[in-house]
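Counting from 1, the numbers follow the sequence of the chain as shown.
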Amino acid sequence: QVQLVESGGGLVQAGGSLRLSCAASGRTFSNYAMGWFRQAPGKEREFVSAVAWSGGATYYADSVKGRFTISRDNAKNTVYLQMDSLKPEDTAVYYCVVDYTKTFYSSSYYSSAQTWDSWGQGTQVTVSS
């Protein structure tokens with residue numbers, strides 16, 4: 001089991017930036033795909049981004065493509081989500097997730113919440129207009 005702890009959330013004005021971090025402990029972090037989901041009040045959890053175990057391949061939801069960047073540092077057991085040009089509709093709780101497989105599958109596979117094996121506790125991101 002991998003334990004995931006998110007940080008970096010907060011309140012920011014529209015157009016601003018935030019960088020989320022997710023520190024992982026437990027199983028070998030570098031073997032697995034990592035990702036981010038978010039959930040806004042009254043809405044279902046939504047896929048945001050995923051990154052392969054090597055960091056060499058990534059996926060993004062259309063709603064964040066070109067504004068968000070996912071990356072990972074396997075030496076630090078940490079995955080990041082750089083969020084730029086934030087919009088009020090980005091307001092949500094952001095969750096770090098891990099999939100215990102080394103193979104990196106299609107974007108449709110990772111867009112399903114059921115794919116992911118462990119979830120962090122979430123960090124709140126609020127974007128004011």
Side-chain angles (χ1 to χ4, degrees):
Q1 200 74 347
V2 174
Q3 288 74 47
L4 305 171
V5 179
E6 303 96 334
S7 61
L11 173 64
V12 64
Q13 288 189 332
S17 298
L18 283 174
R19 188 175 82 154
L20 306 183
S21 299
C22 172
S25 61
R27 295 170 68 170
T28 305
F29 170 83
S30 60
N31 284 348
Y32 309 122
M34 303 292 296
W36 292 91
F37 270 69
R38 67 185 181 186
Q39 187 168 24
K43 295 187 176 182
E44 293 187 356
R45 288 189 178 183
E46 174 191 22
F47 170 75
V48 175
S49 185
V51 60
W53 67 272
S54 65
T58 57
Y59 294 127
Y60 296 94
D62 288 342
S63 58
V64 306
K65 201 172 294 182
R67 300 187 298 121
F68 290 10
T69 303
I70 191 170
S71 61
R72 65 191 295 163
D73 185 337
N74 287 340
K76 296 182 178 180
N77 287 356
T78 302
V79 62
Y80 304 98
L81 186 67
Q82 177 66 42
M83 305 186 296
D84 299 318
S85 302
L86 282 162
K87 304 175 181 180
E89 51 263 42
D90 294 318
T91 295
V93 177
Y94 283 71
Y95 297 91
C96 178
V97 292
V98 60
D99 176 36
Y100 296 139
T101 56
K102 195 167 186 176
T103 301
F104 199 55
Y105 296 103
S106 66
S107 60
S108 59
Y109 175 79
Y110 292 112
S111 65
S112 170
Q114 284 68 41
T115 288
W116 302 93
D117 297 304
S118 292
W119 294 67
Q121 83 289 348
T123 186
Q124 176 70 48
V125 171
T126 303
V127 184
S128 63
S129 57

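Tracing side-chain contacts under 4.5 Å through hydrophobic residues (I, L, V, M, F, W, Y), one never reaches Tyr32 starting from Trp119; they form parts of separate clusters. Following chains of ILVMFWY side-chain contacts shorter than 4.5 Å, one cannot reach Phe68 starting from Tyr95, and the two form parts of different hydrophobic clusters. Put simply, Trp36 and Tyr109 are part of two different groups of oily side chains (I, L, V, M, F, W, Y) that touch within less than 4.5 Å, one to the next.
Side-chain contact annotation: Gln82 with Arg19, donor-acceptor N/O pair under 3.5 Å absent. Thr103 and Thr101 form no side-chain donor-acceptor contact under 3.5 Å, judged by distance and modelled atom types alone. For Asp73 and Thr78, the side-chain atoms include no donor-acceptor pair closer than 3.5 Å.
The one candidate from Glu46, Glu44, Glu89 that meets the salt bridge (Lys or Arg N to Asp or Glu O under 4.0 Å) condition with Arg38 is Glu46. Exactly one of Leu4, Val2, Ile70 qualifies for a side chain to side chain contact (heavy atoms under 4.5 Å, CB included) with Met34. That residue is Leu4.
A pairwise comparison of heavy atoms in Val51 and Phe104 identifies C-CE1, 3.6 Å as the closest pair. Summarising the geometry of Leu11 relative to Ser128, their closest heavy-atom pair is CD1-CB, 4.3 Å, with the distance given to 0.1 Å. When every heavy atom of Val79 is checked against every heavy atom of Cys96, the shortest pair comes out as CG1-SG, 3.7 Å. The nearest pair of heavy atoms linking Asp84 to Ser17 is OD1-OG, 2.7 Å. Here the closest non-hydrogen pair linking Ser49 and Leu81 is CB-CD1, 4.3 Å.
Residue Asn74 holds its CG atom at 8.0 Å from OG of Ser54, rounded to the nearest 0.5 Å.
Side-chain atoms of Thr91 come within 3.5 Å of backbone atoms of Pro88 as a donor-acceptor pair (strictly under, hydrogens ignored). Side chain of Tyr94 to main chain of Gln124: no donor-acceptor pair is present (N/O by atom type, distance under 3.5 Å, no hydrogens or angles). Of the possible polar contacts, none joining the Asp99 side chain to the Trp116 backbone as a donor-acceptor pair under 3.5 Å is found.
By the neighbour-count criterion of 12 heavy atoms within 6.0 Å, atom NZ of Lys65 is densely surrounded, having more than that number from other residues, nucleotides or ligands.
Seen from the ring of Trp53, Arg72 does not count as a face-on cation partner, given the 6.0 Å and 45° thresholds.
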**OP:** Give the C-alpha distance, both sets of side-chain angles, the deciding distance and a yes or no for side chain to side chain contact (heavy atoms under 4.5 Å, CB included) between Val97 and Ser118.
**Re:** CA-CA 6 Å; Val97 292; Ser118 292; over 6 Å; no

**OP:** Would you please test Tyr80 and Cys22 for side chain to side chain contact (heavy atoms under 4.5 Å, CB included) and show each step?
**Re:** CA-CA 6 Å; Tyr80 304 98; Cys22 172; over 6 Å; no

Original post:
How far apart are the C-alpha atoms of Leu20 and Val125, what are their side-chain angles, what is the distance that settles it, and do they pass the side chain to side chain contact (heavy atoms under 4.5 Å, CB included) test?
Top reply: CA-CA 9 Å; Leu20 306 183; Val125 171; 4.0 Å; yes

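Between Phe37 and Phe47, the angle of the ring planes goes over 60°, which puts this pair in the perpendicular group of the 30/60° scheme. Using a 30° and 60° split on the angle between ring planes, Tyr110 and Tyr59 fall in the tilted class, from 30° to 60°.
Contact of the Val93 side chain with the Thr123 side chain is not registered, since no non-hydrogen atoms from C-beta on lie closer than 4.5 Å. Contact annotation: the side chain of Arg67 never approaches that of Met83 to less than 4.5 Å [non-hydrogen atoms, C-beta and beyond].
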